[in-house]
Structure formats: structure tokens, C-alpha cells
Amino acid sequence: MRPLPLFLLPLLVACVSCGDAGRAQGERVQVVDDLGRDVQIETPIRRVVTLAPSVTEVVFAAGAGDRVVGVSTADNFPPEVRSLPQFSTYPVDFEAIVGLGPDLVLASDQVNHPQQITALERLGIPSYFLSARELDDVPDLVRRVGHLLGTDDVAERAADSLEQGMEQLAAVTSATDERPVVLVLAGSDPLYAFGSESYVHDLVELAGGVSATGDVGTSTPVLSDEFVLRAKPDVIVGTDSITFTPDGLLELHPTWDVVPAVANGRVYAIDPDLIYRPGPRLLDGARVLAGMIRPSESTAASR
Amino acid sequence: MRRHLLTATVLVAALVVSFLCAVAFGAERVAMVDVVAVLRNAITGAAPANLDAVDYRIVWLLRVPRAILAILIGGGLALIGVAMQTLVRNPLAEPYILGISSGASAGLSLFFLGVLPPVLGASLTGSLAGFAGGMVAISIVYLVARTGRTVSVSRLLLAGIAMSSLMGAISSFVTFASPDPGKLRAVLFLLLGSLHGASWGSLAAPALAALVALLTLIAL
């Protein structure tokens with residue numbers, strides 16, 4: 001390819017500047033996302049694309065739901081998102097995202113890999129990664145997103161109400177000293193569980209229990225039948241309503257007849273969206289868990 | 001003859017030692033005294049009243065059947081290896097090279113991901129789907145390798161390697177295209193193979209299969 005003739009250069013510069021002039025309110029700002037990446041964005045952000053359901057829920061909670069112009073195929077909450085354009089994120093459908101013309105792509109470090117998004121950067125679409133490692137991070141996550149998208153007031157109120165909700169639930173569940181051992185399973189065969197880094201243990205603690213896998217080192221450990229026999233969980237919670245009944249578990253794990261949760265019929269299935277998405281609905285998940293851990297107090301806890 | 005006898009004795013002794021290790025050690029610690037107590041009670045039929053229910057389940061209901069299943073499967077695979085090597089007169093031959101293993105994997109993943117319907121209960125149909133996949137693969141390989149009435153060993157190996165890749169691609173695609181992401185890890189887990197679900201009830205079928213295969217091979 002021949003080098004660009006020099007006489008074209010002023011033309012190019014003129015074009016770039018006229019583009020800038022077109023966005024009268026456009027202000028370039030540099031922000032740092034939760035992964036510590038520098039992100040150049042142009043405010044105000046009018047079109048947002050989210051790459052994970054939890055991120056969508058955070059944006060809606062922060063009061064910026066009307067900016068969302070496209071979501072992943074896994075999204076289903078709030079109900080409004082079902083009428084939005086959906087695209088595959090596994091693998092990421094970059095063409096669909098470019099077609100939506102977003103000012104900013106919001107991603108979750110628990111679902112999306114930064115490498116997947118460098119392609120967007122080459123296309124000139126800025127991306128911002130959110131990270132919530134613990135339950136307590138979620139209210140601040142809502143505040144951060146509200147600040148980023150200019151809906152600070154709504155986000156602040158939503159975050160405050162989340163914090164209040166957590167405090168109220170904690171007050172209810174910490175009223176007694178009894179702490180049932182709770183085993184939360186991500187899969188029944190093989191037995192996938194949550195390792196020590198997961199926020200699931202925070203949820204269980206807030207709901208008034210002690211998580212059986214809180215000390216397991218790996219992030220998604222595969223448990224043995226022996227482990228469960230020894231851990232003696234009082235309550236077992238899974239996400240599949242067919243398997244997670246006492247009989248369903250006994251069929252897959254016949255030796256668990258002596259496990260307290262199975263013997264006492266305290267095996268429950270929870271809506272996975274309430275515990276797998278590090279967003280505002282984790283509080284709902286904790287309330288449902290509290291109802292499972294202490295059925296007698298469930299009416300008070302689930303309000 | 002004498003050397004064979006010696007080798008066999010050493011190997012059987014090693015098998016017994018590894019069986020005992022498999023029963024004594026596992027994910028959770030069980031004191032050696034308790035392991036012995038569980039085994040003695042189970043063998044002599046004494047009432048397991050004074051035994052810890054958890055120890056009993058770990059040792060007698062989880063570890064012992066798992067160790068026996070491992071022995072049965074290992075023995076079965078050894079038989080298959082001998083049969084394959086004799087069939088193609090090549091010491092390198094094994095089910096992987098002839099495409100049988102990947103055919104079985106493809107059949108199993110097609111079943112597991114709901115492409116093939118369950119006919120006779122999930123666990124049995126899964127095994128049957130694997131068996132059928134392996135049969136389909138080796139039949140095609142055999143037909144391709146046959147010229148007239150003779151079977152060329154090198155054609156058999158080449159066709160087998162091609163079939164292996166094809167069946168591997170089917171497994172990968174079916175796994176990837178699965179509508180249920182929760183099943184992905186489960187399929188991977190299944191294809192890697194695991195003895196974790198072993199129970200006393202699951203020992204009869206593989207024992208019978210291995211025994212029938214052994215007797216058939218000896219008779220031939």
C-alpha cells in the first residue's frame with residue numbers, strides 16, 4: 001500500500017475536529033474501572049450495552065435502565081429487558097454489539113474476560129468492568145454505576161435501601177445463637193460447590209447460617225460424598241428443583257441418608273438468579289435463604 | 001512359565017495393596033482402627049451397632065465398591081487391549097486409535113445432551129448410547145479398511161485415526177452447542193471418566209461384561 005498523500009492530511013484533521021464540534025456537550029473524561037483499567041468515555045452516556053445479567057440489574061437499580069439498548073441472551077430481569085435486542089455473549093457477538101452503537105459497554109469480571117473486550121476497544125467502543133467480590137460491595141456497585149451514568153440520586157437511594165434491607169435481615173437472623181450448617185451446591189452430580197472466595201458464604205451468613213464450604217480453597221470445588229457426610233449440613237440448598245428434594249438427592253447419593261438435611265427433609269431449591277447474580281437481588285436471595293434456614297421465622301425474614 | 005508365575009504373583013500382590021490403600025485413604029480422614037473395624041464388621045456380618053454411621057458409609061458404601069469397580073474396569077480395559085492388539089497384530093493398537101473410544105464419547109454426549117432419547121432409564125441408556133457409538137465407529141472403520149476379503153492393518157489404523165478425529169469433533173460440537181450451560185461441565189466430567197458414583201449395585205453389570213469377554217476370548 002502506498003503511503004497516504006501528504007496533501008490529504010489537513011482534510012483528515014479537519015474531519016476529526018468537525019466530529020468533535022458536532023458533540024456540543026461531549027466531554028471526554030477518563031475513569032478507572034473495577035479492574036483498574038483506564039477507560040476514556042465521552043459524557044453523557046446515552047446508549048449502554050450490558051454483557052451480564054447481574055450488570056443489567058445493577059444498571060436498572062441505579063436508575064439508568066432507560067439507557068440500556070441491548071442485553072445478553074441470558075438476561076431476563078427486570079421484565080423490560082425481554083423486549084430489548086439480545087445478543088450472544090458466549091462467544092461474544094461483537095457484530096451485534098457494534099450494531100447497537102453503544103457509548104459504553106458494561107461487563108462483569110465474574111462473567112466476562114477482559115481479553116474478550118479488547119476487540120471492542122479496537123473498534124473504539126469503551127468498556128467498563130464491574131466487580132463485586134462480597135455482598136457488601138453491591139450497594140457501592142450501584143452507587144458507582146449511578147455516578148458513571150449520571151443518575152447519582154436514584155442510585156444513592158437504591159443503595160441505601162439495599163443496605164437497610166441487609167441490616168434489617170441481619171437483625172432478624174442474628175436474634176438467635178443457633179447457626180445451622182448450610183451447604184449450597186451449584187451442581188448435584190458432580191457436586192460443585194462454592195469455594196472460600198465466593199460471596200455465597202456472605203449470603204448464608206446474612207441469612208443466619210454457616211456455610212459448609214466457606215473454608216474450601218478452590219473457587220469451584222468438586223466435593224466428595226465423604227465431605228458431605230462429614231460436614232453434616234443441616235440444610236442443603238441447590239438450584240435444580242427436580243434434584244434438590246430429599247429423595248432426589250438420595251437417588252444420586254444413597255449414603256446421605258444420615259446427613260441431617262436429608263434425614264430431616266431440609267433440602268431446598270432456590271431460584272439461581274437470586275444467588276448467582278452479584279447484584280441488588282442478592283438481598284432477595286438472602287431473604288429466601290433465611291426462610292429455608294429458619295422456616296419458623298420465615299414470615300418475618302421474607303418481608 | 002516360572003517367570004510368568006512370579007510376575008503374576010507380584011502384580012496380584014500390588015493389586016491387593018492398592019485396593020487396601022484405596023479403602024484406607026480418601027477425601028476425608030478415617031482412622032485406621034475404624035477402617036479395620038468397619039471391614040471386620042461387614043465381612044463377619046456382626047451388627048454394626050457400635051460403628052459410626054458416617055465411617056461405615058464412607059468405607060463400606062463409598063470406598064470399597066469404588067475400589068472394586070476400578071479393578072473391574074481396569075481388568076476390562078486390559079482385556080480390550082489384548083483383543084485389539086491381536087486383531088490388528090500391532091502392539092500400539094488400542095480403542096483410541098481405532099476410533100472406538102471417541103465413538104463411544106460421541107454417543108454418550110449425544111445422549112446426555114438430549115439429542116438421543118432415553119429408552120431404558122438414564123444410566124443404562126447412557127451406557128448403551130456409548131456402546132452404540134463405539135460400534136458405529138468401528139463398523140465404519142472396518143468397512144473402510146476392508147478390500148475384498150482382506151483387511152489391511154495400515155488402512156485400519158489410518159481410518160481409525162480419521163474416525164477418531166471425526167467423532168471427537170462431534171462430541172466437541174454437541175457439547176459446545178448444548179442449550180444448557182449447566183450441563184457443559186457435567187458432560188466434560190462424564191467424558192473424563194469418574195468412579196465417584198460407584199455403589200454395590202453398580203458392580204454387577206461391569207463384572208458380568210468383563211467375565212463374559214474373558215471367557216469368550218479364552219474360548220476363541
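Model, not experiment: these values are computed from the prediction. Labels below follow one simple rule: chain letters A, B, ... track the order of the sequence lines, proteins then strands, and each chain is numbered from 1.
- By the 4.5 Å heavy-atom criterion applied to side chains, D75(A) and E57(A) are not counted as neighbours.
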> Could you go step by step and tell me if D284(A) and R287(A) meet the salt bridge (Lys or Arg N to Asp or Glu O under 4.0 Å) rule?
Replying inline: CA-CA 5 Å; D284(A) 300 332; R287(A) 285 178 177 145; 3.7 Å; yes
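- Two residues are said to be in side-chain contact when any heavy atoms from C-beta on lie closer than 4.5 Å; W60(B) and N41(B) fail this criterion.
- Between chain B and the residues V259(A), D257(A), L252(A), V222(A), the most heavy-atom pairs under 4.5 angstrom are made by D257(A).
- Of all residues in residues 25-36 of chain B, those placing a non-hydrogen atom less than 4.5 angstrom from a non-hydrogen atom of chain A are G26(B), A27(B), E28(B), R29(B), V30(B).
- Using a 4.0 Å cut-off between charged nitrogen and carboxylate oxygen, E197(A) and R133(A) do not count as a salt-bridge pair.
- In summary, E205(A) and R179(A) do not engage in a salt bridge, as defined by a charged side-chain N under 4.0 Å from a carboxylate O.
- Counted by atom type alone, D215(A) and S196(A) present zero donor-acceptor pairs between their side chains at under 3.5 Å.
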